[in-house]
Structures are given as C-alpha cells and as structure tokens.
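Just so it is clear, the values below take in all heavy atoms, side chains as well, and ignore hydrogens, waters and symmetry mates.
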Amino acid sequence: FKLNGNNIEVEAIIRPDQALFGDRIPVKTLDGQVNVKVPPGSRSGSKLRLRGKGFPDRDKSRGDQYIRLVIDLPSDLSAEEKEIYKKLHDLRKGGE
C-alpha cells in the first residue's frame, strides 16, 4: 500500500486478455480482499477507485483506494497461447 493523504494506492497486475475483455480480480484492501471489476478495454496505467476503502481520518471518514492497472505478459505461456499471440501480431502487422 502507498499512502497519499487519506487515499491508498496499489498496483494490480493483469493479463492482456483481462484488459481487453474485462474480468474480476482480487485486490487487497485494509478491510481484507475484495473482487474488483476490470472494465473491458482497460489500458495499462488506468486507475480504478474503491470509494471509502482508504485510510481512516480523525473524523472517522475514509479516503479512497486507487488501483493502478499494470498489464503484463505471463512468462509461462503454453505453445498454443504463443501461437495465438503470434497470429494476433501477424494480423495487426498486416493491417499497417
């Protein structure tokens, strides 16, 4: 957790398919783990907000928790997965 005023910031590493199609991912909060919806078409660096899940203030109000999405390619891709990425690469390259 990174504290910024009463707000908390965290990173969540997601796969390219989760960013493209959307998904629900587990995220740790001060109150325990919650499942957060990643919207379809999310980009690396996008932020999601969990209202009221930040650090408590003296007046008992709470800041928010911000989740910065980081898209990462898995290192343990199967041969079939690599082939799918290769096909996608070739399709994108042919459209240029």
Side-chain angles (χ1 to χ4, degrees):
F1 294 109
K2 179 180 173 186
L3 192 59
N4 184 1
N6 283 8
N7 295 325
I8 293 174
E9 298 173 0
V10 297
E11 283 188 349
I13 298 174
I14 61 173
R15 298 182 316 268
D17 57 292
Q18 290 174 303
L20 183 61
F21 298 111
D23 203 353
R24 293 192 80 74
I25 60 169
V27 174
K28 291 181 182 177
T29 72
L30 293 177
D31 302 320
Q33 186 171 294
V34 297
N35 287 321
V36 175
K37 182 179 179 184
V38 175
S42 292
R43 295 181 174 263
S44 196
S46 298
K47 288 187 177 181
L48 306 175
R49 180 173 73 171
L50 298 176
R51 231 177 257 201
K53 292 289 186 184
F55 199 73
D57 200 357
R58 291 181 184 149
D59 66 0
K60 303 207 188 226
S61 66
R62 291 180 72 168
D64 298 328
Q65 180 168 330
Y66 290 90
I67 304 154
R68 190 170 71 84
L69 300 176
V70 178
I71 300 171
D72 188 33
L73 187 62
S75 59
D76 58 347
L77 292 173
S78 68
E80 184 179 9
E81 289 171 318
K82 286 180 185 177
E83 183 60 30
I84 291 169
Y85 277 110
K86 173 79 170 104
K87 286 179 184 178
L88 178 61
H89 173 74
D90 291 346
L91 282 171
R92 300 285 297 180
K93 194 173 183 180
E96 293 178 356

List the steps, then state whether side-chain contact (heavy atoms from CB on, under 4.5 Å) holds for Tyr85 with Leu73.
-> CA-CA 10 Å; Tyr85 277 110; Leu73 187 62; 3.7 Å; yes
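- No chain of hydrophobic side-chain contacts below 4.5 Å, direct or via other Ile, Leu, Val, Met, Phe, Trp or Tyr residues, connects Phe1 to Val70.
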Test side-chain contact (heavy atoms from CB on, under 4.5 Å) applied to Gln18 and Val38, step by step: CA-CA 7 Å; Gln18 290 174 303; Val38 175; 5.6 Å; no
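- Counting heavy atoms of neighbouring residues, nucleotides and ligands inside a 6.0 Å radius, atom CD of Gln33 exceeds 12 of them.
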Evaluate Lys53 against Ile8 for side-chain contact (heavy atoms from CB on, under 4.5 Å), listing each step before the verdict. CA-CA 8 Å; Lys53 292 289 186 184; Ile8 293 174; over 6 Å; no
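- Linking ILVMFWY residues whenever their side-chain heavy atoms come closer than 4.5 Å, directly or via other members, places Leu48 and Ile14 in the same cluster.
- Note on Leu3 and Val10: same hydrophobic cluster, where clusters join Ile, Leu, Val, Met, Phe, Trp and Tyr whose side-chain heavy atoms are under 4.5 Å apart, directly or indirectly.
- Taking all atoms of both residues into account, the shortest heavy-atom contact from Arg43 to Ser46 is O-OG, 2.7 Å.
- With rounding to the nearest 0.5 Å, the separation of CG in Leu91 from NZ in Lys86 is 10.5 Å.
- Between the NZ atom in Lys47 and the CD atom in Glu11 there is a gap of 10.0 Å [rounded to 0.5 Å].
- Within the 3.5 Å criterion, the main-chain N or O of Asp59 finds no donor-acceptor partner in the side chain of Asp57.
- The two residues Ser42 and Pro39 make their nearest non-hydrogen contact at OG-O, 2.6 Å.
- For Gln65 (side chain) and Lys28 (main-chain N/O), a donor-acceptor pair under 3.5 Å exists by modelled atom type.
- Hydrophobic clustering (ILVMFWY, side-chain heavy atoms < 4.5 Å, transitive): Leu77 and Ile84 are in distinct clusters.
- In the hydrophobic clustering of ILVMFWY residues, with side-chain heavy atoms under 4.5 Å counting as a link, Val34 and Ile67 come out together.
- Rounded to the nearest 0.5 angstrom, Asp17 CG and Ile71 CD1 are separated by 10.0 Å.
- Between atom CD1 of residue Ile13 and atom CD1 of residue Ile25 there is a gap of 10.0 Å, rounded to the nearest 0.5 Å.
- Atom CZ of Phe21 has 12 or fewer neighbouring heavy atoms from other residues, nucleotides or ligands inside a 6.0 Å radius.
- Here the side chain of Arg62 pairs a donor or acceptor atom with the backbone of Gly54 at under 3.5 angstrom.
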